[in-house]
Number of protein chains: 2
Amino acid sequence: MFDLAKLGTRMQGLRHDRGMTLAELASVTEVSVSMLSSVERGQKAPTVVVLARIADGLGIGLADLINDVEPRRVIVRRAAEQDAVDEPGGWRRTIVSPVVPGVNLEWVRTTLPGGCDAGEFPAYAPGSHEFVLVEKGALRLSLDGQVTDLLAGDSVYFAADMTHAYANPGSEPCVYSVVALIMRPRGPQRG
Amino acid sequence: MFDLAKLGTRMQGLRHDRGMTLAELASVTEVSVSMLSSVERGQKAPTVVVLARIADGLGIGLADLINDVEPRRVIVRRAAEQDAVDEPGGWRRTIVSPVVPGVNLEWVRTTLPGGCDAGEFPAYAPGSHEFVLVEKGALRLSLDGQVTDLLAGDSVYFAADMTHAYANPGSEPCVYSVVALIMRPRGPQRG
DNA sequence: CGCTGTCATTCGCTATAGTGGAATCGAGTC
DNA sequence: GACTCGATTCCACTATAGCGAATGACAGCG
């Protein structure tokens, strides 16, 4: 069940952080003072439209307003800037998936020696997906420059239309599998 | 202004991806069919409470439903939070792939004790594909009754619109991964 | 050709979100 | 004390979210 009280508390905190009164927020959001007060007290459940106006008035995204209300079972990292170095070494990759006509799925199992960098891969066409499972050791995954460290058992999904690089930051070998659903680029496209 | 039509379209897409009807989603979410239909068509603005129930019924976070501007790009699942299911018979399966809206890919890693039979799975809809990689031990794969024995390192592809059964004929444990691309015809589906 | 089952939409009704206003209740301040 | 300011709570009222049931729409089947 959705925790209205928690949402209200969070809303009030954000409003106070900005030094706003209910009346001020009301004039910005076009939501009545009484409604704002009710929502902050968890006494009424706003519609998404009203909540979106409130979030906008607070200068944040609607999802941000909700994110902390719901316990997050996953970690989200957004694409940032591109910043990666590549240097191929003595690593080994195994193509697991047989080539099947009409199926654009690739399954590659890779073993990276300690300290080895598998290099950077270009962004695929939008709509491409990639899954990674670390079986052994540690893997450093860079997505458009955003670094994520993974240990054995960890798995990741990411939209593959961003540059992605794999490296083994540890000293012992790292074994990981990559399953990729690759979309063919439509029309002229680079990469 | 909040785009209700977009939210509705997204909701409907997610529901279709899961092969659910309005009635099925209604029974899971405790939201009436008519309300679901209205929201999908952008004709009504649900309250956060209702929207939270819908998101839950779709198996995603509320923020994910709302965050249409920026669909989730990166999802990390730590080893500690992997869903491990212990099936009767002493075998264990781990759902590797995070749930990604719009992507009907399933990645399951299974450990079968010696002599264990994981049982038979029904045929999926035509157009479904399945890949298997044996990491350790031996695996006996039965496809529409035809038996294939696999050893560590072996991999196989098969069109998943046939019945398929997994068993460990040896005495030592068998570890294997299955990547499945499932097409949704209709009706409830089981992994 | 109806009959039957399934899914989606529309319809009538009730519950409640949401408005505007006014009264009330603090805690300061002069 | 009187006055201000912000928040809360009442009120009457309207708009609409949300429900259950009826209605379409559309397939397969005799």
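Only heavy atoms go into these numbers, but all of them, side chains included; no hydrogens, no water, no symmetry mates. Below, chain A is the first sequence line, B the second, and so on; all start at residue 1.
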Between N168(A) and P113(A), is there a donor-acceptor pair closer than 3.5 Å when you use the side chain of the first and the backbone of the second? yes

Between dT9(C) (P) and K44(B) (NZ): distance, integer Å: 13 Å

Please assess S142(A) against E120(A) for the test side chain to side chain donor-acceptor pair (under 3.5 Å), listing each intermediate value before the final yes or no. CA-CA 8 Å; S142(A) 302; E120(A) 190 179 68; over 6 Å; no

What's the CD-P distance between E30(A) and dT19(C), to the nearest Å? 9 Å

Counting just side-chain N and O atoms, does R15(A) come under 4.0 Å of either OP1 or OP2 of dA7(D)? yes

To the nearest angstrom, how far is L7(B) atom CG from dA17(D) atom P? 12 Å

Which word best sums up how the rings of Y166(A) and Y176(A) line up, parallel for under 30°, tilted for 30 to 60°, or perpendicular for over 60°? parallel

Figure out the CG/C1' separation between L22(B) and dT10(C), and round it to whole Å. 13 Å

Base, sugar-phosphate, or nothing: which does V50(A) touch, judged by heavy atoms less than 4.0 Å apart? sugar-phosphate

Nearest-Å distance, CG (L25(B)) to P (dA8(C))? 10 Å

Heavy atoms only, 4.0 Å cut-off, all strands: where does S37(A) land among base, sugar-phosphate and nothing? base

Ignoring backbone atoms, test whether Q43(B) places a side-chain nitrogen or oxygen under 4.0 Å from the OP1 or OP2 oxygen of dG18(D). no

Using a heavy-atom cut-off of under 4.0 Å over every strand shown, decide if E24(A) touches base, sugar-phosphate, or nothing. nothing

Let me see the working for C174(A) and K136(A) under side-chain contact (heavy atoms from CB on, under 4.5 Å), right down to the final yes or no. CA-CA 5 Å; C174(A) 171; K136(A) 194 189 302 182; over 6 Å; no

Distance test, side-chain N/O of T47(A) to OP1/OP2 of dG18(C), below 4.0 Å: yes

I54(A) CD1 - dA17(C) C1' separation (whole Å): 12 Å

May I ask you to say what Q12(B) touches in the nucleic acid, namely base, sugar-phosphate or nothing, with a heavy-atom cut-off under 4.0 Å? nothing

Assign each of L51(A) and E40(B) the nucleotide of DNA chain C bearing its closest heavy atom; nearer the 5' end lies the nucleotide of E40(B)

Find the distance R53(A):CZ to dT19(C):P and express it as a whole number of Å. 6 Å

Among V31(A), V39(A), L36(A), which one satisfies side-chain contact (heavy atoms from CB on, under 4.5 Å) with V50(A)? V31(A)

Would you indicate what A45(B) reaches in the nucleic acid, counting non-hydrogen atoms under 4.0 angstrom: base, sugar-phosphate, or nothing? sugar-phosphate

Atom pair distance, as rounded to whole Å: CZ in F2(A) and P in dA17(C): 13 Å

With a non-hydrogen cut-off below 4.0 angstrom, is S34(B) in contact with a base, only sugar-phosphate, or nothing? base

